[in-house]
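Because only heavy atoms are used, hydrogens play no part in the values below, and waters and symmetry mates are left out as well, while side chains stay in.
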Amino acid sequence: MLSHEQNEMMCRVGPGTPMGEAFRRYWIPICQTSDIPTPDSPPFPLEILGQKLVVWRNADGQLGVLDQFCPHRRSSLAIGRCEGDGIRCLYHGWKFAPDGTVLETPNVNDPDFKNRFKAEAFPVREAGGLVWSYLGPKLLQPEFPHFPWFDADDDHRNNAYALNHCNYVQALEALVDSSHLNILHADGLVASGQLENLNFSAAAEMTFDAAPTIEVDDTDFGFHYAALRRGENVSGKGEVHVRVTAFSLPCFIANPNEDLFMCVVPINDEQCIHFHVWWHAEREMGKDPLKSNMLKHVGLDPEALANYNMTYETFNDDDRPSLRNRYKQDRSRIQAGSFSGFHSFTQEDSAVNISPGAIKDRSKEILAPVDMAVSRLYRSLISAAQAVENDQEPQGVHADQTKIIGRNGTVPEDEDWRQLVPSHTITRRYRSVKLGRGTPEQVH
């Protein structure tokens with residue numbers, strides 16, 4: 001368990017907080033390209049790490065990420081006009097370029113006035129169907145990372161995201177918790193094994209063992225862990241089914257299905273965005289019917305997201321999931337045979353993630369050996385926050401994302417599963433832990 005002080009350090013992400021300043025040292029996605037697809041798109045307002053921003057395109061298609069509020073009288077640029085090379089505030093007509101340069105101040109006669117200041121602007125890139133920004137100190141800006149799926153074209157990539165009313169760690173820790181898949185997502189895993197032409201079979205294969213052995217290594221980018229399952233459904237005598245998940249600071253997950261990247265970005269201390277990207281060199285995941293079928297299966301289709309208030313349009317509606325409506329659980333579905341009573345994977349995760357409250361009290365958690373990866377997540381995040389607090393560079397800022405992968409497969413029982421991820425640089429190993437044997441010892 002964590003102390004209250006450690007939990008606060010890990011969860012608070014606003015400007016000036018240790019974790020917030022750590023996040024600001026990395027390039028992170030802030031929205032999808034589809035949120036601001038053309039120069040005539042309305043400016044897109046959003047909050048990231050407790051900062052209110054606006055994303056917009058000029059007439060040439062160039063993106064800008066600015067402080068959402070005009071530096072003059074703080075009116076919102078989200079209702080501004082996109083005009084040619086800039087965005088114009090409606091209040092007094094001040095106009096700004098993507099880099100924050102003041103182009104016009106029509107209510108000020110002095111032609112030099114506009115040269116004395118700039119709007120607060122942030123570096124921005126487009127890649128992999130996402131809009132990325134760097135919100136940290138300009139002198140410490142790292143090179144823009146390159147993820148493997150950046151090389152997939154739109155037809156071979158499927159982007160989606162969901163919003164959650166909980167702290168980012170609550171959504172992130174579910175992504176490094178292999179044992180909940182067999183339980184919370186039992187219905188979805190069974191259905192995954194019955195789907196044709198959808199790449200969910202890798203997850204469906206693990207339904208035979210709900211209590212995997214977990215092994216964790218620290219790496220130069222964060223950590224990776226293996227969920228090891230043994231059972232009658234593993235092909236070949238003496239083989240172990242392995243699912244390796246990689247966590248790269250500050251919030252990136254390479255999923256064991258091998259074709260799925262996930263990322264959880266804080267909106268503020270109590271809300272977050274969960275990005276998903278599927279990609280495949282051969283399968284046209286970005287084209288229907290495959291695209292729609294994939295999203296519908298996991299509950300990321302527009303209808304399911306809207307029904308559970310996980311879109312920007314529905315996020316703050318009065319009927320959003322809460323304790324009073326059991327997070328929109330359908331108890332009649334449980335009576336009919338559903339395990340959870342929720343729509344699908346996305347809604348199941350959301351319910352259990354937000355049910356402890358906006359910021360979970362981890363000082364009352366009782367972690368089991370199967371939670372080794374969750375524990376490492378906490379320590380990785382806290383270490384990054386402490387590094388920045390001590391004027392040091394947090395881990396993984398310059399990580400080569402092309403080498404960070406998730407994998408699944410089988411290995412002989414007497415062989416090391418790490419052969420599945422030879423590109424990962426391990427900095428510390430932890431002894432194998434079987435359920436009921438207590439805390440792992442470090443192996444240097």
Side-chain angles (χ1 to χ4, degrees), residues 13 15 19-39 41 43-58 60-68 97-100 120-154 157-163 168 171-172 221-222 246-254 260-268 272-279 286 312 384 393-394 396-404:
V13 295
M19 196 70 242
E21 294 307 305
F23 257 95
R24 286 168 172 80
R25 297 291 295 276
Y26 303 83
W27 283 91
I28 55 175
I30 60 173
C31 64
Q32 290 185 167
T33 298
S34 59
D35 291 319
I36 191 83
T38 64
S41 299
F44 190 74
L46 73 167
E47 183 180 4
I48 298 291
L49 301 175
Q51 286 184 247
K52 300 289 180 58
L53 307 172
V54 63
V55 185
W56 59 284
R57 288 187 191 273
N58 67 14
D60 295 327
Q62 181 183 356
L63 279 171
V65 177
L66 301 178
D67 182 318
Q68 188 184 132
D99 67 354
E120 187 174 15
F122 302 93
V124 58
R125 300 284 191 280
E126 286 185 87
L130 297 176
V131 175
W132 302 71
S133 191
Y134 172 76
L135 306 182
K138 286 182 170 53
L139 293 179
L140 298 176
Q141 179 180 323
E143 290 187 12
F144 184 63
H146 188 96
F147 289 83
W149 42 274
F150 283 4
D151 300 323
D153 60 33
D154 291 347
R157 190 187 63 249
N158 193 351
N159 293 79
Y161 65 80
L163 306 182
Y168 79 101
L172 195 57
F221 54 80
F247 168 73
S248 179
L249 281 158
C251 56
F252 306 129
I253 297 288
L260 173 60
F261 161 89
M262 291 186 283
C263 175
V264 180
V265 176
I267 295 174
N268 49 46
C272 60
I273 315 170
H274 186 174
F275 292 98
H276 302 67
V277 184
W278 285 270
W279 80 101
Y312 278 110
E393 185 172 75
V397 167
H398 305 290
D400 183 352
Q401 295 292 341
T402 63
K403 296 181 178 181
I404 303 171

> Can you say whether the rings of Trp132 and Phe147 are parallel (under 30°), tilted (30 to 60°) or perpendicular (over 60°)?
Replying inline: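 Trp132 and Phe147: parallel rings.
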Could you grab the distance from atom [atom1] of [X] to atom [atom2] of [Y], nearest 0.5 Å is fine?
X	Y	atom1	atom2	value
Trp27	Gln141	CH2	CD	5.0 Å
Leu63	Arg57	CG	CZ	4.0 Å
Phe261	Phe275	CZ	CZ	9.0 Å
Phe150	Thr402	CZ	OG1	11.0 Å
Asp67	Gln51	CG	CD	7.5 Å
Phe44	Ile36	CZ	CD1	8.0 Å

> Hey, mind stepping through Ile267 and Leu46 against side chain to side chain contact (heavy atoms under 4.5 Å, CB included) and telling me if it holds?
Replying inline: CA-CA 8 Å; Ile267 295 174; Leu46 73 167; over 6 Å; no
Donor-acceptor pair, [X] side chain versus [Y] backbone, under 3.5 Å?
X	Y	answer
Asp60	Gln62	no
Asn159	Gly128	yes
Glu120	Gly100	no
Arg157	Trp149	no

[X] side chain near [Y] side chain, heavy-atom distance below 4.5 Å:
X	Y	answer
Glu143	His398	no
Tyr161	Tyr312	yes
Ile30	Ile273	no
Ser41	Trp56	no
Ile48	Phe23	no
Cys263	Ile28	no

So which atom in [X] and which in [Y] form the shortest heavy-atom distance, rounded to 0.1 Å?
X	Y	answer
Leu260	Trp279	N-CZ3, 3.5 Å
Leu53	Leu135	CD1-CD2, 4.3 Å
Ser248	Gln401	OG-NE2, 3.0 Å
Gly61	Glu126	O-OE2, 4.5 Å
Phe122	Ser133	CB-OG, 3.5 Å
Arg24	Leu49	NH2-O, 2.7 Å

>> Going by side-chain contact (heavy atoms from CB on, under 4.5 Å), name the residues that satisfy it together with Pro394, two or more places apart in sequence or in a different chain.
In response: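 Here the qualifying residues are Arg25, Tyr26, Ala384, Val388, Val397.
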> Can His276 and Asn158 be counted as having a side-chain donor-acceptor contact under 3.5 angstrom?
Replying inline: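 Side chains of His276 and Asn158: no pair found under 3.5 Å.
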